[in-house]
There are 2 protein chains.
Amino acid sequence: MTAYSRAEALTVIQREMTAFARRARASAARTHPELSLVSFTLLAHLEDRQGCRATDLAAHYLLDKSTVSRQVGNLERLGYVERRTDPEDHRIQVLHLTPKGAEMLAQAAESRRRAFAARVEDWDEADLERFAEYLLRYNDTVTREDGTDA
Amino acid sequence: MTAYSRAEALTVIQREMTAFARRARASAARTHPELSLVSFTLLAHLEDRQGCRATDLAAHYLLDKSTVSRQVGNLERLGYVERRTDPEDHRIQVLHLTPKGAEMLAQAAESRRRAFAARVEDWDEADLERFAEYLLRYNDTVTREDGTDA
DNA sequence: GTGAAGAGTTGTAAAACACAACTATCAGAG
DNA sequence: CTCTGATAGTTGTGTTTTACAACTCTTCAC
């Protein structure tokens, strides 16, 4: 089908990924104004990992500690996140989703998933799976290289 | 290989795409501080389309007109972009890369491509191509739906 | 011509973000 | 035990990105 050189494929991937990124924030904001893309992402990460530290979030998303600190502060103020100081090490605050946060996340995820699903309506299962796999594979590479995550 | 349901695949794709998005800006800033991810993206689009209007950029990336206007203003001030008022319709300013802009874009693209290439070093050609294809296919869907592009 | 619509700019305000300086806690060396 | 260095997190400060709204200028249709 395609006749890309390796370099061309790389260029396309980069360009399209960033194009996607640009739009994601805007459409996320429209779909669910309550929860910005950043907040959404952080909550999703907390759910995925069943709680983690602010530092982990910062490392994973290449954000500054201060940024994460304030974001988490907001989420806590909204009642979506809860801090549990580690009894072993009082420096550490393990962040957890509250039930309210989990519910909000589920709602946002659902409405976004719906909007997204409409766009890939005509994709067959195999393509979707492979697409998901590629993304996982790529992001996993990044994570390892940066030594960011546990 | 995989055993995702369709819904699971959608969730993964969304999550990973956004994770990528979050990181892209940060790593782009580190790789080439001269040119922010937005600016880079806009320049790349100009190159790809061989010039276009500010409105097209706004529509394509779901950005507000004013945002694009200011971004383009910066790029012009830096000497990377040139405006050519359409002789047929004086409302329209067609934006073009200057040679300097093209050079800067090439440099940034190259250094980013290198960083990127390292991460997909062990991917085989077919996977890269398919990945690129999926992205194009997805983004094309979005573009059409929003009726954004020409 | 008049009025609606499109392209673009500017005023203004809110978010997101980074860097640096700070506190508090821990862990190891002497 | 105390000093030192490292880690986790917060807060002060300033920049950048972004959106919304109000505006100008141009075109096109009637």
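We name chains A, B, ... by the order of the sequence lines, and we start the count at 1 in each one. Computed from heavy atoms alone, side chains included, the values below leave out hydrogens, waters and symmetry copies.
A search for side chain to side chain contact (heavy atoms under 4.5 Å, CB included) contacts involving A:E16 returns A:V12, B:L135, B:L136, B:N139, not counting sequence neighbours. Contacts of A:D122 classified as side chain to side chain contact (heavy atoms under 4.5 Å, CB included), with partners at least two apart in sequence or in another chain: none. Residues satisfying the salt bridge (charged side-chain N to carboxylate O under 4.0 Å, His left out) test with A:E82, not counting sequence neighbours, are A:R84. Among residues two or more places apart in sequence or in another chain, the side chain to side chain contact (heavy atoms under 4.5 Å, CB included) test is passed with A:A58 by A:V68. Considering only residues two or more places apart in sequence or on other chains, A:R25 meets the salt bridge (charged side-chain N to carboxylate O under 4.0 Å, His left out) condition with none of them.
Distance check, rounded to the nearest 0.5 Å: OG of B:S36 to CG of B:L43 gives 9.0 Å.
Here the P atom of nucleotide C:dC17 and the CZ atom of B:R23 are 14 Å apart, to the nearest Å. The separation between A:E76 atom CD and D:dT10 atom C1' is 13 Å, rounded to whole Å. One atom, CG of A:L57, and another, P of C:dA18, lie 13 Å apart when rounded to the nearest Å. Between B:R25 atom CZ and C:dA15 atom C1' there is a gap of 11 Å when expressed in whole angstrom units. Across the protein-nucleic acid pair, B:N74 atom CG and D:dT17 atom P stand 7 Å apart, rounded to whole Å. Going from atom CG of A:L62 over to atom C1' of C:dA16 covers 15 Å, rounded to whole Å. Straight-line distance from the OH atom of A:Y61 to the P atom of C:dA16: 15 Å, rounded to whole Å. At whole-Å resolution of the value, CZ in B:R53 and P in D:dT26 are 17 Å apart.
Where the helix from C:dG1-D:dC30 to C:dG30-D:dC1 starts and where it ends, the local axes point in directions that differ by 20°; five pairs per end, rounded to 10°.
One finds a side-chain N or O of B:R22 lying less than 4.0 angstrom from the OP1 or OP2 phosphate oxygen of C:dC17. Phosphate contact (OP1/OP2 of D:dT17, side-chain N/O of B:S36, threshold under 4.0 Å): present. Side-chain N/O atoms of A:R83 include none lying less than 4.0 angstrom from OP1 or OP2 on D:dG9. The shortest distance between the side-chain N/O atoms of A:Q71 and the OP1/OP2 oxygens of C:dA15 is not below 4.0 Å. Between B:Q93 and C:dA7, a side-chain N or O to OP1/OP2 separation shorter than 4.0 Å is absent.
Identified under the salt bridge (charged side-chain N to carboxylate O under 4.0 Å, His left out) test for residues 58-80 of chain B, with sequence neighbours left out: B:E76-B:R83. For the ring pair (Phe, Tyr, Trp, His ring centres under 6.0 Å) condition, no pair includes a residue of residues 70-100 of chain A, sequence neighbours left out. Within the structure, ring pair (Phe, Tyr, Trp, His ring centres under 6.0 Å) contacts touching residues 100-124 of chain B (residues at least two apart or in different chains) are A:Y134-B:W123, A:Y138-B:F116, B:W123-B:F131. Evaluation of the side-chain hydrogen bond (donor to acceptor under 3.5 Å, both in side chains) test over residues 98-110 of chain B, restricted to residues two or more places apart or in two chains, returns B:E110-B:R113, B:E110-B:R114.
For A:S69, whose side chain is taken as the heavy atoms from C-beta onward, the closest listed nucleotide among D:dT11, C:dT9, C:dA18 is D:dT11.
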Which atoms of nucleotides 19-21 of chain C (N or O only) lie under 3.5 Å from a protein N or O atom, and what are those distances?
unit_1, atom_1, unit_2, atom_2, d
C:dC19, N4, A:S66, OG, 2.6

Tabulate protein N/O versus nucleotide N/O from nucleotides 28-30 of chain D, keeping only pairs under 3.5 Å, one per line.
none

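B:T31 places a side-chain N or O within donor-acceptor distance of the main-chain N or O of B:S27, the cut-off being under 3.5 Å. Judged by distance alone, the side chain of B:E125 and the main-chain N or O of A:R6 form a donor-acceptor pair under 3.5 Å.
At a threshold of 4.0 angstrom between heavy atoms, the contacts of A:V68 with the nucleic acid are absent.
Taking the nucleotide of DNA chain C with the nearest heavy atom to each of A:H90 and A:S39, the more 5' of the two is matched to A:S39.
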